[in-house]
Every structure is written in C-alpha cells, then in structure tokens.
2 protein chains.
Amino acid sequence: MSTKPKTVDCRDCPIHKLQTFRNFEKAELNFISDFKTGELSADAGATILVEGAHSAHLFTILSGWAFRYKMLEDGRRQILNFALPGDLVGLQGSLEGEMQHSVEALTSLRLCVFEKQRLREIFTNHPELAYDVTWIAAREERILDEHLLSIGRRSALERAAYLLAFLQNRASASGEPAKRYLPVNQQHVADTLGLSTVHTNKTLRKLADRKLIRWRERSCEVLDHKGLMKIADWEGLGRENRPFI
Amino acid sequence: MSTKPKTVDCRDCPIHKLQTFRNFEKAELNFISDFKTGELSADAGATILVEGAHSAHLFTILSGWAFRYKMLEDGRRQILNFALPGDLVGLQGSLEGEMQHSVEALTSLRLCVFEKQRLREIFTNHPELAYDVTWIAAREERILDEHLLSIGRRSALERAAYLLAFLQNRASASGEPAKRYLPVNQQHVADTLGLSTVHTNKTLRKLADRKLIRWRERSCEVLDHKGLMKIADWEGLGRENRPFI
DNA sequence: CGCGGTATTGAGACGTATCAAAGGAAGTGG
DNA sequence: CCACTTCCTTTGATACGTCTCAATACCGCG
C-alpha cells in the first residue's frame with residue numbers, strides 16, 4: 001500500500017470533483033484549505049454534537065452519513081434530517097450560543113473541522129463563499145419544509161415512501177455509488193417519521209410486499225424509486241449545482 | 001387626517017427602533033433603503049407568494065402576520081411557519097428557482113419589497129448584512145426543528161400548548177403589544193399541528209378548561225404562558241438581538 | 001453456544017379522523 | 001332594523017389508524 005496523508009487537502013478534495021457541486025476558484029479553495037483546521041473520524045453511533053453544548057466547530061462531511069435529532073425530556077426522539085458527504089453540519093440553529101440539536105454518526109464518518117469563530121472572515125473576504133453558506137442554509141430549510149409537510153399531513157405509508165425516496169435521492173447524488181443500501185434501521189425510520197417502531201415495521205412491510213423496497217439487516221434497498229415518489233406525491237429534490245465548503 | 005407618506009423610509013423604520021433588533025450603521029440603512037424597491041399592502045387572506053411560481057421579490061414584514069404553507073395534490077395543507085413584523089419572507093427554499101411553498105396574509109399586511117436579484121450585492125458590499133441574512137436563515141431552521149419535534153413526537157395537547165406558547169412568544173417580541181390576541185382561527189391551528197379541525201377544537205377546549213387560554217372569535221388569548229410551556233416541555237426562543245433587513 | 005441488537009407478529013387500548021348537524025357571531029342587502 | 005348568508009366554532013357518534021405491551025424469531029458475533 002502507498003502511504004496516504006492523514007488529512008485531505010481541500011485542493012484535492014474528492015468531493016469538489018463530483019458532478020453535483022459547482023466549480024470553485026483557486027483562491028476559494030486556498031481559503032477553504034486555510035479555514036479547515038483538521039479532520040475528525042467517528043464510528044457509527046458516536047455523538048458528534050450534543051444539544052445544549054457550546055460548540056466552537058463547524059463540520060463538513062467527507063464520507064459517511066450522520067443525522068441531527070432533538071429529544072424531549074422523557075426520551076422521545078425526533079430525527080430532524082440526515083447529513084451526507086458534502087453537507088455542512090452545525091450551521092443549523094443559532095450561529096452563536098448553544099446547540100439546539102444533537103448530531104450522531106449513522107455510519108463510520110470522516111469530517112472536516114472548521115472554526116465557527118472564523119465564519120465572519122468568509123463574509124468579509126469571500127462573498128461568493130458567503131453566498132454559498134446562505135444557499136446551503138436555504139436548502140436545508142426547503143428540506144425541513146418537506147419533512148414538516150410529510151409528518152404533518154401524510155399517512156404512515158406515504159410518509160415512509162417519502163422518506164425512503166428522499167434518502168435514495170440524496171444517496172444517489174452524494175457520489176457514494178458503492179452504497180446501494182440506505183444505512184438506516186427501523187428505529188431510525190420510526191424516529192424520523194414520528195411513528196412507533198412497531199407500526200413502522202408494519203408499514204415498511206407493506207412497501208416491501210408491493211416490491212417497492214427490500215429490507216435488509218440495518219439497511220434498506222430501494223427497488224422502485226418512482227413508485228415511492230408517486231405514493232408520496234413527491235417531486236424530488238432539484239438537480240442543482242450545489243455549492244460546498 | 002394628516003397626510004402620510006405612502007412608503008416608510010428605512011432610515012425611519014419603526015421596526016429598527018424596537019428593542020429586539022440590533023443597532024445598524026448609517027451606511028447599512030442607506031444601503032437597505034436603496035435596496036428596497038417599494039411596499040405592498042395586502043388584506044387578510046390574500047396570497048402573497050404561490051408554490052411553483054418564480055418570484056423576483058423578497059419581502060420584509062412591516063406590520064401584520066402572514067404564514068407559509070405547502071399543500072398536497074388532494075388539498076391537505078400544512079402550515080410551516082408564521083411571519084411577523086421584522087421577518088424576512090421568500091428566502092426560505094431555493095434562492096433561485098421556483099417557490100417551494102406559498103405565503104398568505106393572516107391579517108392585513110404591509111410588506112417592504114426587495115429584488116432577489118440584488119441579493120448578491122449585499123454579499124459583495126455589506127458583509128455584515130450578509131451575515132445577518134444567514135443568521136436569519138439559521139434562526140428559521142431552528143424554529144422548523146422545533147416544529148418538527150413537536151409534530152413528530154408531541155401529543156395533540158402538547159402540540160397545541162407548544163404552538164400557542166410559541167406564537168405568544170413571537171407576538172410579544174414583535175413590538176405589536178396592542179395585539180393581545182393571536183390572530184389565528186382553529187383551522188390555522190389544525191393545519192399547523194397536523195390535526196383535524198374537530199380534534200383541534202376538542203384539544204383547545206381542554207386548554208381553555210384548564211384556564212391556560214381563552215378562545216375568541218378568530219383569535220386566542222393566552223392566559224398562562226408558562227403553563228403552556230410546561231405542558232409542552234418547551235424552553236422558549238432565546239431573547240436575542242435579532243438582525244433585520 | 002449463548003447473547004444483544006434487530007425485526008416480526010398479535011391483541012387490545014387509545015388517540016385521532018371522519019361524518020353530520022347545529023349553534024353563534026359578523027356582514028350584507030333589502 | 002330584520003332576514004339572510006357566511007364563516008367559524010361546538011358537539012356527538014362511529015370508524016380507523018396508530019400505540020403499547022408482550023412474546024417470538026432472526027442474525028452476527030464473541
């Protein structure tokens with residue numbers, strides 16, 4: 001095996017090379033490279049950020065999946081959204097002050113670490129990148145809007161169909177084609193849909209019976225993406241040139 | 001009656017004077033004033049923006065309440081969030097491309113109109129304001145996170161308590177103290193909570209029986225704010241120095 | 001081989017939706 | 001000022017969806 005550098009230089013970032021992302025100037029990459037203070041690796045199940053804590057950092061996902069969630073005092077948990085390679089984590093909620101949600105690794109994870117404190121530098125020195133940050137925030141909002149519609153107004157079957165179509169959509173755009181399966185278990189699905197695990201199981205079974213998905217150990221294979229979208233009355237995420245930091 | 005100018009000059013903006021908002025530089029106000037292209041008035045029930053359309057504009061609420069919502073094909077509606085004086089409308093969802101949600105006036109409404117196209121100018125010329133835009137987006141995300149937790153994991157009673165506490169919180173920070181009542185009807189509450197109107201009615205009745213609220217025609221009076229927060233296990237929004245554009 | 005995490009199933013309780021109808025308040029036109 | 005309409009709220013009865021509890025089956029792993 002050849003020796004590899006421990007951390008990826010942003011100028012060689014594998015993610016920037018992907019089709020889904022926009023092209024970046026040399027100067028921008030240099031700045032990002034400087035902005036990046038390190039990398040973090042975490043195993044599946046590890047907690048990256050916890051609600052109520054003050055975090056000095058902001059992360060970008062290099063590889064793997066994570067999810068954001070909130071909990072009520074008695075333990076009820078709601079998963080808010082998932083984060084895939086290229087996603088910014090830690091921007092949601094207040095820019096300053098305590099975290100309003102927790103973040104957990106869904107698979108083993110590699111993250112780029114940035115200092116929140118230096119976020120303002122982006123705004124003063126690199127307006128284009130600053131605009132990107134806002135763009136990313138707006139995109140997250142759009143997704144949260146969809147989730148809200150889903151949980152609020154769709155039936156259990158429609159909700160499940162929406163979620164799996166959504167995750168499949170995100171996975172296939174994230175440039176990890178190796179992963180044919182969505183790395184979630186039924187507990188995760190339940191906590192995202194706002195359902196009990198038992199009912200989630202029965203609902204997923206219906207989707208499986210209709211040959212829309214196949215359930216595996218701790219993961220889900222989507223067999224009929226369009227079929228799921230149709231059940232959920234969902235259009236899909238736009239095919240866009242995402243920015244990325 | 002004395003004659004009034006049709007539009008408010010940003011330098012005299014009544015909202016900037018409120019305590020909740022941060023202080024602004026002269027240069028910033030001048031820029032905002034230039035950025036503003038007009039005002040728009042709308043009656044309660046009027047549609048400001050519609051899902052699927054391309055809007056060239058961005059709005060700030062001068063007075064009155066509005067709400068954002070999405071609909072499924074068969075007519076089911078989900079209210080995503082409310083907008084009060086000082087809130088930015090139209091930023092949510094994609095910065096470019098079609099609207100992903102609609103916006104409707106809840107009360108009679110006055111809006112400042114900005115051109116989306118010129119948003120980039122903010123980023124190149126006024127980094128502080130650009131940072132504010134991002135701050136505002138992050139705040140909206142935090143609120144959407146709360147709503148997701150609520151709809152996904154709280155019972156009907158807890159959800160209603162959360163929503164009314166939330167609206168009361170927002171109302172009292174928005175500098176319209178004249179309005180002691182929240183200007184929503186039970187249909188709005190139902191569509192926000194993801195419940196039927198009938199069940200919403202029965203749930204609100206329980207809150208009223210416990211002397212937490214009193215229901216009026218097309219509006220709600222909150223009698224015990226803390227009681228609502230306790231039922232919902234909700235901490236409230238931070239008392240922050242909001243930016244504003 | 002036994003163990004812990006995950007998925008599956010069934011039965012009964014509970015919460016919420018749906019349908020239908022009636023009562024009240026506000027606004028309109030005669 | 002009244003009759004009328006319209007929108008909003010309230011109530012009851014019944015159906016349905018989802019939750020809870022409990023037990024079993026399954027699988028990978030030490």
Side-chain angles (χ1 to χ4, degrees), chain A residues 43-46 72 74-79 104-108 150-161 163-164 181-209 213-221 231, chain B residues 43-46 67 72 74-79 104-108 150-164 181-209 213-221 231:
Chain A
D43 290 332
L72 291 172
D74 61 7
R76 285 175 283 179
R77 180 175 77 164
Q78 178 65 39
I79 294 182
E104 184 177 320
L106 188 56
T107 67
S108 68
S150 199
I151 298 194
R153 288 305 183 199
R154 283 194 250 248
S155 70
L157 192 76
E158 292 166 340
R159 267 185 247 185
L163 176 62
L164 297 174
Y181 307 130
L182 307 174
V184 290
N185 67 23
Q186 298 191 357
Q187 184 67 58
H188 294 126
V189 174
D191 284 350
T192 310
L193 301 182
L195 298 171
S196 68
T197 57
V198 173
H199 197 67
T200 297
N201 176 283
K202 288 168 183 166
T203 303
L204 290 173
R205 170 133 305 285
K206 281 184 198 168
L207 290 176
D209 288 345
I213 64 169
R214 188 180 307 153
W215 199 266
R216 335 269 305 193
E217 181 74 10
R218 262 188 82 79
S219 64
C220 169
E221 180 182 9
I231 288 184
Chain B
D43 291 332
F67 62 91
L72 291 172
D74 61 7
R76 282 175 284 179
R77 179 176 79 165
Q78 177 65 38
I79 293 182
E104 185 177 320
L106 189 54
T107 67
S108 68
S150 200
I151 298 195
R153 287 304 182 200
R154 283 195 249 249
S155 70
L157 192 76
E158 292 166 340
R159 267 185 248 185
Y162 160 72
L163 177 62
L164 297 174
Y181 306 131
L182 306 174
V184 291
N185 66 24
Q186 298 191 357
Q187 184 67 58
H188 295 126
V189 175
D191 284 350
T192 310
L193 301 182
L195 299 171
S196 68
T197 57
V198 173
H199 196 68
T200 297
N201 177 283
K202 289 168 182 167
T203 303
L204 290 174
R205 171 135 304 285
K206 282 184 198 167
L207 289 177
D209 288 345
I213 63 169
R214 189 180 306 154
W215 199 265
R216 336 270 304 193
E217 181 73 11
R218 259 190 83 79
S219 64
C220 169
E221 180 183 8
I231 289 183

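Basis for what follows: all heavy atoms, side chains included, without hydrogens, waters or symmetry-related copies. Computed from a predicted model, the values in this text were never measured in an experiment. Throughout, protein chains are lettered first and strands after them, A, B, ... in sequence-line order, and every chain is numbered starting at 1.
The two residues B/W215 and B/L204 come nearest to each other via the heavy atoms CZ3-CD1, 3.7 Å. Taking all atoms of both residues into account, the shortest heavy-atom contact from B/T203 to B/A160 is CG2-CB, 3.9 Å. Residues B/R154 and A/L72 come closest through the heavy atom pair NH1-CD2, 3.4 Å.
In this structure, B/R77 places its CZ atom 18 Å from C1' of C/dA17, rounding to the nearest Å. For B/L195 and D/dG17, the CG to P distance is 17 Å, given to the nearest whole Å. Note: CD1 (B/I151) to P (C/dG15) measures 19 Å, nearest angstrom. Here D/dC8 presents its P atom at 12 Å from CG of B/D191, a figure rounded to the nearest Å. Rounded to an integer number of Å, the gap from CG of B/D74 to P of C/dT18 is 10 Å. Between the P atom of D/dG28 and the CG atom of A/N185 lies a distance of 16 Å, rounded to the nearest Å. The NZ-P distance, from B/K206 to C/dT16, rounds to 8 Å in whole Å. What separates CD of A/E217 from C1' of C/dG4 is a distance of 12 Å, to the nearest Å.
Atom CZ of B/R153 and atom CD1 of A/I79 lie 9.0 Å apart (nearest 0.5 Å). Here CD of A/Q78 is found 8.5 Å from CG of A/L193. Values are rounded to the nearest 0.5 Å. In this structure, B/I213 CD1 and B/L207 CG are separated by 5.0 Å, a value rounded to the nearest 0.5 Å. Rounded to the nearest 0.5 angstrom, B/S155 OG and A/R76 CZ are separated by 6.5 Å. Distance check, rounded to the nearest 0.5 Å: CD1 of B/I151 to CZ of B/R159 gives 6.5 Å. Distance check: A/K202 NZ to A/T197 OG1 gives 10.0 Å after rounding to the nearest 0.5 Å.
Here A/Q186 reaches the OP1 or OP2 of C/dT8: one of its side-chain N or O atoms lies under 4.0 Å away.
In the region residues 196-205 of chain B, proximity to DNA chain D at under 4.0 angstrom, judged on heavy atoms, holds for B/V198, B/N201, B/K202, B/R205. Contacts of residues 154-163 of chain B with DNA chain C (heavy atom under 4.0 Å): B/A156.
A distance-only check finds no donor-acceptor pair linking the side chain of A/E221 to the backbone of A/R216 [under 3.5 Å]. Side chain of A/N185 to main chain of A/H188: a donor-acceptor pair is present (N/O by atom type, distance under 3.5 Å, no hydrogens or angles).
Between the axis at the start and the axis at the end of the helix from C/dC1-D/dG30 to C/dG30-D/dC1 there is an angle of 30°, using five pairs per end and rounding to 10 degrees.
Note on A/G194: only backbone sugar-phosphate atoms sit closer than 4.0 angstrom, heavy atoms only; bases stay farther off.
Taking the side chain of A/R218 as heavy atoms from C-beta on, and the options C/dT6, C/dA7, C/dA17, the nearest nucleotide is C/dT6.
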